[in-house]
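Inspection log for the structure reproduced underneath, given as structure tokens.
Whatever order the structure lists ligands and atoms in, that order sets their numbers, starting from 1.
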Amino acid sequence: MEFRIGNAKIRIIRGDITEQETDAIVNAANSSLMGGGGVDGAIHRKGGPKILEECKRIRRTQWPNGLPTGKAVITTGGNLKAKYVIHTVGPVWRGGKHGEAELLADAYRNSLKLAVSKGIRTISFPAISTGAYGYPMEEAAEVALKTVRDFLEDEDKLDEVVFVLFTESAYKVYERKAREILAE
Ligand code: AR6
């Protein structure tokens, strides 16, 4: 499924983010930047040790106490097809009244800003926070789609944003929400 916002394309696909050939893929990391399960585990496994080395350097030099929720940093893509990995930390779902939506929007927005600042033109996102962090898929999809749409409306330096959904059910939720949110 495909939408156009200004000069940019938004694509929604079912797949594995580690297989994407966009300039960058986004990692749903945790504050430690030392890896984990889900998307994070898959990226480090397939991307190889260079990614972790750079994450360690970022911890030493930039974020000694860990990357705060909603912020983003960038490393090499190592052995991945994508040249870069942008690591961001989504919020843990605590019922929805603890600023989760704003923090999730920050994670998307700061990833996009960092991409533009590095000259990246195509980027893939997983459904940040919707696995181990428990964010409900419907609410997360709404935040993701609206934040990316608003960003692309003000910015012409990105050509393509891909939402990569791992399961059929997640794909279906995004598809339905995208028809509401992205269709003119
Ligand atoms: N490609 C695309 N999507 C995937 C993939 C994949 N290869 N694998 C899982 N998903 P999660 P979070 C989906 O748990 O909720 C890690 O341990 C998955 O179905 O990866 O932000 C980190 O280290 C779900 O919809 O990220 C953190 O500690 C979505 O990706 C913590 O989990 C996100 O699930 C972050 O939790």
Lys50/Thr76 under side-chain hydrogen bond (donor to acceptor under 3.5 Å, both in side chains): CA gap, chis, key distance, verdict
CA-CA 7 Å; Lys50 277 208 166 133; Thr76 174; over 6 Å; no
Considering non-hydrogen atoms of the protein only, which is the closest contact for [atom], and what is the distance?
| atom | value |
| --- | --- |
| atom 28 (O) of ligand 1 | Asn30 ND2, 3.1 Å |
| atom 32 (O) of ligand 1 | Ala132 CB, 3.6 Å |
| atom 16 (C) of ligand 1 | Gly37 O, 3.4 Å |

Taking 4.0 angstrom as the limit and counting only heavy atoms of [X], give me the atoms of ligand 1 inside it, by number and element.
| X | result |
| --- | --- |
| Asp40 | 22 (C), 23 (O) |
| Ala28 | 21 (O), 22 (C), 26 (O), 35 (C) |
| Met137 | 25 (O) |

Do any heavy atoms of [X] fall under 4.0 Å from ligand 1?
| X | answer |
| --- | --- |
| Ser129 | yes |
| Asp16 | yes |
| Ala127 | yes |

Close side-chain approach of Arg57 and Gln62, heavy atoms under 4.5 Å
no
Ile17 N/O to ligand 1 N/O under 3.5 Å
yes
